[in-house]
Amino acid sequence: MAIDQSRAIIELLYHVSREVATALDLRTVLQRVVYETIINVGGERGSIVVLDDHGNPVDATIVYGKQFHEHTTQQIRDTVDRGLAGWVIRNRKAVLVDDTSKDERWLRRPDDAIEKTGAKSAMCVPLLARERLVGVLTLVHSSPHAFHPEHLELMQAIADQAGIAVLNGRLYAESQRQARVMTALAEGAKTINASLQLDEVLQRITDQTMQALQVEMVAIGLIDQERGDLVFKAAAGIGAKDILGGRSPLAMGIIGMVLREGRGVVIPMVDKDKRVTTTDLLLPGARTQAIAAVPIQAREQTIGILQVVNPKARTFDSDALLVLAGIGSLAGTSIQNAQLYERLQIAHQDYRDLFEDSIDPILITTFQGQIVEANRQAAMLSGYSPMDLKAMTIDQLHEVNWNRTGLEFEHLRTSETQSYESTLYRKDARKMPIEVYVRATRFEDTDSLQWILRDITERKDLDALREDLTAMIYHDLRSPLANIVSSLDILSGMLPRDETIASLLEIANQSTSRIQRLISSLLDINRLEAGHIIVDQQAIDTVILIGEAREAVRYAAESRQQVIKMDISDTLPRIWVDPDMVRRVFINLLENAIKFTPTYGVIEIGADLEGDKVLCWVKDNGPGIAPADQDRVFEKFTRLKKEGITSGLGVGLAFCRLAVQGHGGQIWIDSELGKGARFNLTLPVANAGSL
């Protein structure tokens, strides 16, 4: 009899093992295990809860007779936390309860009341696979004392056979879940990243979320940094149009929690969660059962929120938050890329507008000189249409100064701007004088050159008039002035020695000397600009030249009660210069200092040896010269506007620079506004070979 019973048990276990092993789908495996247990052990209902490696419930099945019943996540958690199944999980022991009304391990529900189903009997056993607890199996009978120890042993034997099948089913379900998640995220990434237009990106995100999670509504809110709140930029589903443009405070409800903590949340029952506020409901008047929300992050910063409402299956599945978080992560990068692209497009359009509306003619070329873009001013100046210009190279349009640019524009590889004067070849065959400014730039993600061409016809015409005037002054005044000088010399010998007469003659001589110096400077400027070298050089004592220059301006300084101090080294060598020309340089610098130094001011002129040069300087305590003007003052006909001061013709300092450079020296200014100016120049030392 015992042999027959053992054989029956073995056949039963084989049958159970075969039934549960022929399926991989976890839900099917669970249903078969419970169903086979009810049939072969007895009982009216059964349930099985599947656990993950951390002991947390991941799935369950409930069977009443031959009917499978739905359950909620909360029901499973309650059973595991406070019910008989929880005791078995914690102790990893099987248990038989004869009367559930007398056992505290049984979780009493409203249905267990005496006037309803009343007391029951129950058995609960652990499901083990390779010593890992993978679940717990429970059988319930509506009558107390319906089960015996033999039933518990048989149920445990079935559970032992089913453990591996449940583990395999759980692993299979996890792999299937991961595959679904990865597929959803891969499809999401492909779809979301298919555009760089912000509105289209947002719409793709909402559409993909709707498709992946099967919900009634999706909304995307982005943080408005200026106003400090959340504005909903995109929505899909029921009431989407009413959501767009809506705003929500950053610190309230579920939205505030998600933004603040930087993690997602699922609210399965909105009406029972006190954290939910009206702002979380998106449409307060609509029916909202469940909410899930995740932060949208980019570069470790939260920029918004992705929120879904009411899954069509009534509850969010276990993958919902994972999928939503994955889409939110993709969304952050895509939104930020779209925002950057949008800003780039705006900046590009602004540049195009500035390019077209500029008052300067502008051309863009490659580093090979091919014109790729030209604004309307460039077309007007050249007479060519923009299409004509794009078929030309820059050297076909104007005479390039290759010394400034390099034969292959290599001098323009730096960020410095090169400028030079040139000639523009217009379409009507006219030649136009222009000033060219060229520098390296980036145009449409390509290293390019930007050329600005400015018409200087009027300036050239004015320069020509000035040159004509200069020539007229020189040729027409030189001879009469020489006669005046001769006449003054004769008069000084003929007139009686009288202090008044001598003073008048001295003033006349000083004035004529000044005119002679101006005429000589104009002549020297023309010669030096033409490239003539200085030939009348000789060795001369610097002290002598400076003393003569000081004496020449003595009357002008005394008339303004100014003092001219000399600071000259005792061991100064002689210099190799044209004495008359350098004397006029010192006189011009002293007259300039006298003009800009206040009454009773102090002017200093000095010299010292510096290397193989003699460094000379003229220092005043006038208003000073701005840094932007310190090079410009040496340009011909340039006159700085100083209140109450006449600036002259603008040739004195131009002559000084040309004269000093003609001797191989340099001239520059050290000055700060309000602290005077110091004009420095270097002159060559006379060596043994030049004596």
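Owing to the predicted nature of the structure, the values given are computational and were not obtained by experimental measurement.
Residues T302 and Q297 bring a donor and an acceptor atom of their side chains to less than 3.5 Å of each other.
By the 4.5 Å heavy-atom criterion applied to side chains, H141 and K120 are not counted as neighbours. L306 is listed as a side-chain neighbour of V218, based on a closest heavy-atom distance under 4.5 Å. Proximity of F443 to Q450: side-chain heavy atoms (C-beta onward) are nowhere separated by under 4.5 Å. Considering only heavy atoms from C-beta on, E216 stays 4.5 Å or farther from V309 through its side chain. I62 has its side chain within reach of S47: a pair of non-hydrogen atoms, C-beta onward, lies under 4.5 Å apart. Between L139 and H151, the closest side-chain pair of non-hydrogen atoms is not below 4.5 Å. Within the 4.5 Å cutoff, no side-chain heavy atoms of V258 are placed close to those of Q307. Under the 4.5 Å side-chain criterion, counting only non-hydrogen atoms from C-beta, D447 is in contact with R442.
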Evaluation steps, side chain to side chain contact (heavy atoms under 4.5 Å, CB included), between V215 and N310: CA-CA 6 Å; V215 291; N310 294 346; over 6 Å; no
Derivation of the side chain to side chain contact (heavy atoms under 4.5 Å, CB included) call for L250 and I223: CA-CA 8 Å; L250 295 180; I223 295 176; 4.2 Å; yes
Residues C124, T138; criterion side chain to side chain contact (heavy atoms under 4.5 Å, CB included); working and verdict: CA-CA 4 Å; C124 190; T138 304; 3.2 Å; yes
Residues V136, L51; criterion side chain to side chain contact (heavy atoms under 4.5 Å, CB included); working and verdict: CA-CA 8 Å; V136 60; L51 306 174; 5.6 Å; no
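Heavy atoms of other residues, nucleotides or ligands lying less than 6.0 angstrom from CD of Q301 number 12 at most. Counted within 6.0 Å of CD on E672, heavy atoms from surrounding residues, nucleotides or ligands total 12 or fewer; the atom is thus considered open.
Salt bridge absent: E416 and R439 never bring a charged side-chain N and a carboxylate O closer than 4.0 Å.
Here the CD atom belonging to Q370 is positioned 9.0 Å from the CD atom belonging to Q368, to the nearest 0.5 angstrom.
The two residues V140 and W106 come nearest to each other via the heavy atoms CG2-CH2, 3.7 Å. Here the closest non-hydrogen pair linking G264 and P295 is N-CD, 3.8 Å. Scanning both residues, A159 and L137, for their nearest heavy atoms gives CB-CD2, 4.5 Å.
Every residue two or more places apart in sequence or in another chain that forms a side chain to side chain contact (heavy atoms under 4.5 Å, CB included) with L128 is listed here: R92, L133.
Side-chain atoms of N375 come within 3.5 Å of backbone atoms of I362 as a donor-acceptor pair (strictly under, hydrogens ignored).
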